[in-house]
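The structure appears below as structure tokens.
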Amino acid sequence: MKVAVIGAGIVGMTSALRIMEEAAHARRQIDLTVISEKFCPDNTSYGAGGIWKPPSQEHMTAAELRWLKWSFDYLTSMLKTDYAHELGIFLQPGYYVFMEHVPDPAWKDIVVGFRHLTAWELNNLFPGYKHGWFYTAFICQPRDFLPWAHTKLAENGVGFVRRRVGSLEELTPHYDVIVNCTGLEARSLVQDKAVLPARGQVMRVKAPWIRYFVGTSGPHPTIKGDPYIYANLHDVVIGGIKQEGDYRVTNDPRDTKTIWEGVLALHPQLKGAEVVEEWTGLRPMRKGGIRLERETLVDSKSGRDFEVIHNYGHGANGVTWSHGCAREVAEIVKVIMTEKVTKSRL
């Protein structure tokens, strides 16, 4: 069975990895190709801070919680390998603080050691904020993970094609299953107008003394925006810019100023840290959340049915959801394989 994964960001590459692994476990033949206009380091995932941090909502669907649990379990399994550091995977404790009391998130039992901040922590570490959580979760650095995934896939015979796909029907003569991991491009590829960009700008600084993450939710009386600090292995990612509907992909000095002022007000220890990179990307937001479902379509030219698995709309949480959603995609692929085997025998 010939399968094409469209998109080579964290969602597309994890989907391809899981399809490859599950097909091998099932001892079934899959001819797998990853097709993308952009590969690492030219895609949005490359600039991400890599933190495992789901949306801070009290209620989630059973499917969303399942994907989060699967994602955390996968990262845990990789943490136990002797090459986890090469993938940029490691555990990191940290804080998330709010300007008002919020209910506990639906995923609090998935992370390690979830608790509320004490009065001392709020008063001394985050003055002005009213509520907060402390827990330990994962960092999975895409700029390390994606090259590793590319090599792993190539070693197992997966093909890579650099091209822009204008329509799904372009691929139907050549593939039995198409996995749509196109992120923001799904807006035009499948005419999903619920998909919109949210421009993000980040900076990377040298600050090896920072060994925990901090996320915020304002508005704070003296701190602009919602600054965040995510410590990576080789640098620290700082940001706080989220501009919905903005397609600009160039760095804006005004946003640089906002990030610096916000982060320094939050954490003065970063004053004097060397800036090593500024980067801007477009988060693939989607009203209604992630679209992960199977769809059977008909080729308008040949009249032939073809299967599509949509896996996009992860917003600012691609690293968080990707590994779990990839497992769901692989499960759907296995179902399609079984159906095709059964049909061929009939």
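Only this structure's heavy atoms are used, side chains among them; waters, hydrogens and symmetry mates stay out. These figures come from a predicted structure and were not determined experimentally.
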Q: Tell me who clusters with Phe306, hydrophobic residues only, linked when side chains sit under 4.5 Å apart either directly or through other members.
A: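 When side chains under 4.5 Å apart are linked, the cluster holding Phe306 also contains Ile6, Ile35, Val161, Val165, Leu168, Leu171, Tyr175, Ile178, Leu184, Leu189, Val190, Val195, Tyr247, Val249, Leu282, Leu297, Val308, Tyr312.
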Quick one: does [X]'s side chain have a donor or acceptor within less than 3.5 Å of a partner on [Y]'s backbone?
| X | Y | result |
| --- | --- | --- |
| Glu64 | Thr61 | yes |
| Glu22 | Ile19 | no |
| Ser36 | Phe39 | no |
| Asn232 | Gly49 | yes |

Q | Partner residues of Asp252 under the salt bridge (charged side-chain N to carboxylate O under 4.0 Å, His left out) criterion, sequence neighbours left out | A |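 Here the qualifying residues are Arg248, Arg254.
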(Q) According to salt bridge (charged side-chain N to carboxylate O under 4.0 Å, His left out), who are the partners of Lys2, at least two apart in sequence or on a separate chain? (A)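 Lys2 satisfies salt bridge (charged side-chain N to carboxylate O under 4.0 Å, His left out) with no residue once adjacent residues are dropped.
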Q | Asn311 and Glu293 side chains, donor-acceptor separation under 3.5 Å | A |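 Result is no, nothing qualifies.
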Q: May I have all residue pairs that pass salt bridge (charged side-chain N to carboxylate O under 4.0 Å, His left out) and include part of residues 266-284, sequence neighbours excluded?
A: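 Salt bridge (charged side-chain N to carboxylate O under 4.0 Å, His left out) check on residues 266-284 returns Arg143-Glu277.
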Q. Which residue pairs satisfy the salt bridge (charged side-chain N to carboxylate O under 4.0 Å, His left out) criterion with at least one member in residues 229-239, sequence neighbours excluded?
A.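 Matches after skipping sequence neighbours: Arg204-Asp235.
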Q: Locate the shortest heavy-atom distance separating Tyr230 from Val214; write the atom from each residue and the value.
A: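 Looks like CE2-O, 3.9 Å.
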Q. Can you name the nearest heavy-atom pair linking Phe138 to Leu79, along with the distance?
A.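 Closest approach of Phe138 to Leu79: CE2-CD2, 3.9 Å.
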Q.
Return the CD to CZ distance between Gln92 and Arg211, rounded to the nearest 0.5 Å.
A.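 These two atoms lie 8.0 Å from each other.
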Q. How many angstroms lie between atom NE2 of His314 and atom OG of Ser45, to the nearest 0.5 angstrom?
A.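 One gets 10.5 Å once the value is rounded to the nearest 0.5 Å.
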Q.
Is the terminal nitrogen or CZ of Arg66 (NZ for Lys, CZ for Arg) located under 6.0 angstrom from the six-membered ring centre of Trp70 and within 45° of that ring's axis?
A.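 Yes, Arg66 and Trp70 form such a contact.
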Q.
Using the rule given for ring-ring contact (aromatic ring centres under 6.0 Å, His included), can you reason through Tyr95 versus Trp133, listing the C-alpha separation, both sets of side-chain angles and the distance that settles it, and then say yes or no?
A. CA-CA 6 Å; Tyr95 301 88; Trp133 308 326; over 10 Å; no
Q: Using a 4.5 Å cut-off on heavy atoms from C-beta on, say whether the side chain of Glu170 contacts that of Arg163.
A: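 Yes, close enough: below the 4.5 Å cut-off.
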Q) side chain to side chain donor-acceptor pair (under 3.5 Å) with Trp67: which residues, sequence neighbours excluded? A)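 Testing Trp67 for side chain to side chain donor-acceptor pair (under 3.5 Å), a comparison that skips the adjacent residues, returns Glu328.
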Q: If the plane angle is over 60° it's perpendicular, under 30° parallel, otherwise tilted; pick one for Tyr135 and Phe213.
A: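 Taking Phe213 first and then Tyr135, their aromatic rings sit tilted (interplane angle of 30° to 60°).
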Q: Please report the C-alpha distance between His323 and Phe145 in whole Å, then the side-chain angles of each, then the deciding distance to 0.1 Å, and finally whether the ring-ring contact (aromatic ring centres under 6.0 Å, His included) criterion is met.
A: CA-CA 12 Å; His323 302 284; Phe145 184 86; 5.2 Å; yes
